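This one's a predicted model, so the numbers in the text were calculated from it and none came from an experiment. Counting starts at 1 for both ligands and their atoms, in listed order.
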Amino acid sequence: EVFTSLSDLQKVLLTEKDIALEIKSHIEMEEERLKRLKKVAEDYERHSQEALSDIEKHLGNPVNAYLLVKRFTIDWERIVDGLVKANSTDLIARLHNRGSEFPVQEDFEGAATALLRLQDTYNLPTAQIAKGELQGVKNSPEMTAEDCFELGRTAYNAGDYYHCILWMEEALNTLDTEVNKTADRALTIDYLAYSLYRQGNVEHARKLTKQLLELDPNHPRAVNNLRYYEKLLETADQEKKRGEEEDLPEIQNQRLLDDYRKGQEFKQYEALCRGEDIIPDPNKHKLKCRYTHNNRPNLLLRPLKEEEAFLDPRILFYHNMLSDFEIETIKRLAAPKLKRATVQNVYTGQLEPAFYRISKSAWLKEDEDAVIKRVNQRIKDVTQLDMTMAEDLQVANYGIGGHYEPHFDFARKDESSAFDTRVGNRIATLLNYMSDVTAGGATVFIPIGVKVFPKKGSAVFWHNLYRSGEGDFRTRHAACPVLVGQKWVSNKWIHERGNELVRTCGLSPYE
Ligand SMILES: O=C(O)CCC(=O)C(=O)O
Ligand SMILES: [Fe+2]
């Protein structure tokens, strides 16, 4: 699939350009053909006019008779085969050959779901998205009624009547303004009416179904549905009293959420992504910035700009971690290897793709390029941890609405995916931001209400475990959906083994 990373979607843009060229060259050929066909028609016309002006004289000439017959036999085949039949088989074949580069239905659904996710996370009004305005900036063309309709239909097919209502209403509004209508009003109303019913708005469903029957009196489903809605309304006593002409109650339309998403953590996650302050930091005034070289030779001439983002647990932000050249090299090495990111199933230990983690990632080994070696060394100097058991550098590129919902980087003890004792658990994480993100895409730590906004070349660092090796649940974090722009990160997961003497135990398990 391509929708999970913008890096792969970029290739689709190149395909699009090639296809435009193919189609244009085809049109040129076709125009040439039509020109010749027009000549044939004119020729026939001129000939018949001449002949009809004096039929007998004309046909009395055997050459004319011969030519007339030829026109309908030998010439005819040439005309029909060569000129009348549009020759699109070539084009069709060529376009089919490129089919492997095309996004597929799954990509469309992924992109549609991502757009709906962005709408929810960032509280975006439907009309604003349809106008191509995300966060007050107009960055895409306006959506047509059909674009809205297809988005609504994707939601409908997923049983998501909440978004279906929003987008079918938008499709109808847009249809009103369109000179060349791009969607079918009756079909749009059909979807909207049913979704309204599913969300508990029977009266609205009835009203719309009546409108649908006006447009299409023989609509089979509408006839049955209307009967069904009327019956429902008849049995509900209070509804009976309400005249149909009266104002209808306000439309009820609640987002359909599973139990986790109904809960507090998910609400806090979304609020943090929007940049809201959910928990005031009592130590904010104590946070410091400093230059540091950790007594490492490599850092002496290039001290780090270290900024405290949170004190306990300690979260550090480094302003100058990677150079543009290092970032470009890492991206170039990773691009051909990007694969849909997987997560470990806690029950089976299997790696599998998951809707709550949408990005593509790749692993880069140290010996692949001098830059990787250099970056790994810098991470070692910055974190002052032993890297013998650290994982390879992981590079991730987030696609449309790409995100990673709240999770821990460390393994819980009861997980079958827990790390081998030879490497130990993930003691710390260093996350490099390798692009600026125009809007969205923050890294947020939910229990402590910390939000870190990506800045190209910067990095964030934290310990996932207490000194005792116990998991620090306050480090639960997430990557917010990317609203506008690209998000590239690379991260290093550092493990316990080798760090026993570097980060020694404290007196209590929770320090
Ligand atoms: O991309 C981010 O901001 C965070 C990524 C992350 O948490 C992870 O990959 O484990
Ligand atoms: Fe993480």
> Under a 4.0 Å heavy-atom limit, does Trp493 contact ligand 1 with its side chain, its backbone, both, or neither?
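For Trp493, only side-chain atoms sit under 4.0 Å from ligand 1.
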> Here's one to test your reading of the geometry: is the NZ or CZ of Arg357 within 45 degrees of the ring axis of Tyr404 and under 6.0 Å from its centre?
yes
> Short question: side chain of Asp472, backbone of Tyr466 - any donor-acceptor pair under 3.5 Å?
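A pair under 3.5 Å: no.
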> Please step through side-chain hydrogen bond (donor to acceptor under 3.5 Å, both in side chains) for the pair Asn253 and Gln199, ending with a clear verdict.
CA-CA 6 Å; Asn253 194 17; Gln199 291 284 74; 2.7 Å; yes
> Classify the contact between Leu431 and ligand 1 as side chain, backbone, both or neither, using a heavy-atom distance cut-off of under 4.0 Å.
side chain
> Which atoms of ligand 1 sit under 4.0 Å from any heavy atom of His477?
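Near His477, meaning under 4.0 Å from one of its heavy atoms, ligand 1 has 7 (O).
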> Below 4.0 angstrom from a heavy atom of Lys487, which ligand 1 atoms are there? Numbered from 1 as shown, please.
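Near Lys487, meaning under 4.0 Å from one of its heavy atoms, ligand 1 has 1 (O), 2 (C), 3 (O).
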> Would you mind listing which atoms of ligand 1 come within a distance below 4.0 Å of any non-hydrogen atom of Ala479?
1 (O), 2 (C), 3 (O), 4 (C)
> For atom 5 (C) of ligand 1, grab the closest protein heavy atom and report residue, atom and distance to one decimal in Å.
Tyr398 OH, 3.5 Å
> Within 45 degrees of the ring normal and closer than 6.0 Å to the centroid, is that where the cationic atom of Lys455 sits relative to Tyr433?
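No - Lys455 does not lie over the ring of Tyr433 by the 6.0 Å and 45° rule.
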> Is the Lys NZ or Arg CZ of Arg255 less than 6.0 Å from the centre of Tyr162's six-membered ring, within 45° of the axis?
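No cation-pi geometry.
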> Taking the six-membered ring of Phe410 as reference, does the cationic atom of Arg412 (NZ for Lys, CZ for Arg) lie under 6.0 Å from its centre and within 45° of its axis?
yes
> Is the closest N or O pair between Gln394 and ligand 1 shorter than 3.5 Å?
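No, there is no polar N/O contact under 3.5 Å.
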> So, is Asp409 polar-close to ligand 1, with some N/O to N/O distance under 3.5 Å?
yes
> To which protein heavy atom is atom 3 (O) of ligand 1 closest, and what is the distance rounded to 0.1 Å?
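Protein heavy atom at minimum distance: Thr443 OG1, 2.5 Å.
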> Say whether, by atom type as modelled, one donor and one acceptor occur between the side chain of Asn294 and the main chain of Arg296 under 3.5 angstrom.
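A pair under 3.5 Å: no.
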> Are any of the N/O atoms on His407, whether in the backbone or the side chain, positioned under 3.5 angstrom from an N/O atom of ligand 1?
yes
> Once rounded to the nearest 0.5 Å, what's the spacing between atom NE2 of His293 and atom CG of Leu300?
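One finds 5.5 Å between NE2 of His293 and CG of Leu300.
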> Among the N, O or S atoms that Asp409 has, which is closest to the Fe ion (ligand 2)?
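Per the distance ranking, Asp409 contributes OD1 as its closest N/O/S atom to the Fe ion (ligand 2).
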